[in-house]
Each structure stands twice: as C-alpha cells, then as structure tokens.
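Right, one structure below, let's go through it.
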Amino acid sequence: MPITVLDNGWISDSFTIGGPPSYTDAIVMPPDQYNALTADQIEAMKQERYDRWVAMITEASAEIIDGE
C-alpha cells in the first residue's frame with residue numbers, strides 16, 4: 001500500500017496484513033523517525049500490530065462465546 005506524506009509532513013505507511021482475517025492500518029510518524037528504521041523494523045511493527053489485533057478479537061470472541 002502507499003507511503004504518503006501528510007499535510008503536517010509526517011509519513012503515513014498504509015498496509016494490509018494477514019488473512020483471514022486481514023487487518024488494515026498505517027504506521028504514522030515524523031520522517032526522521034520513519035527514515036531511521038530499516039524495512040525489517042517497519043515490517044516487524046506491522047506484524048506486531050496485526051498480532052495484537054488478532055489477540056484482541058480472539059479474546060473478545062471467546063468472552064462472547066463463553067458468556068462472560
């Protein structure tokens with residue numbers, strides 16, 4: 001997905017990861033911070049967000065199924 005520069009100058013790196021279910025989000029930060037990261041570090045951030053999201057929806061689903 002695209003990397004764009006926002007009106008305030010920050011970098012927005014939009015992504016979709018996983019599936020199913022898939023997760024869409026964006027890494028948004030000042031350009032000096034973004035450019036200091038390696039491609040592997042950025043991918044790790046994306047994976048971490050996806051993993052936390054999956055854990056959250058899995059946990060919430062279990063609570064609904066268990067009736068808690």
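FYI, the numbering just counts along the sequence from 1. Just so you know, these numbers come straight off a predicted model, no measurement behind them.
Remark: D13 engages K46 in a salt bridge, criterion side-chain N to carboxylate O under 4.0 Å.
Tracing side-chain contacts under 4.5 Å through hydrophobic residues (I, L, V, M, F, W, Y), one reaches L37 starting from I3; they form part of the same cluster.
W10 approaches P31 most closely through the heavy-atom pair CA-CD, 4.1 Å.
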Review point. When you look at F15 and E43, which way does the side chain to side chain contact (heavy atoms under 4.5 Å, CB included) test go after all the steps?
Key: CA-CA 10 Å; F15 64 95; E43 290 306 313; over 6 Å; no

Point to revise | Test log, rule side chain to side chain donor-acceptor pair (under 3.5 Å), inputs T24 and T16 | key: CA-CA 4 Å; T24 300; T16 298; 2.9 Å; yes

Exercise for review: Given side chain to side chain donor-acceptor pair (under 3.5 Å), test Y23 with D25 step by step and report yes or no.
Suggested key: CA-CA 7 Å; Y23 173 74; D25 197 358; 2.7 Å; yes

Review point. For R52 and E48, what are the C-alpha separation, side-chain angles and deciding distance, and is it a side chain to side chain contact (heavy atoms under 4.5 Å, CB included)?
Key: CA-CA 6 Å; R52 283 186 289 158; E48 180 182 344; 3.8 Å; yes

Exercise for review: Please lay out, stage by stage, how L6 and T4 fare under the test side chain to side chain contact (heavy atoms under 4.5 Å, CB included).
Suggested key: CA-CA 6 Å; L6 303 176; T4 57; 4.3 Å; yes

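Note: W53 CH2 to I17 CD1 = 11.0 Å, rounded to the nearest 0.5 Å.
Using a 4.5 Å heavy-atom threshold, the side chains of I11 and Q33 count as separate.
In this structure a side-chain-to-backbone donor-acceptor pair under 3.5 Å is present from T58 to V54.
Checked against salt bridge (Lys or Arg N to Asp or Glu O under 4.0 Å), D51 has no partners two or more places apart in sequence or in another chain.
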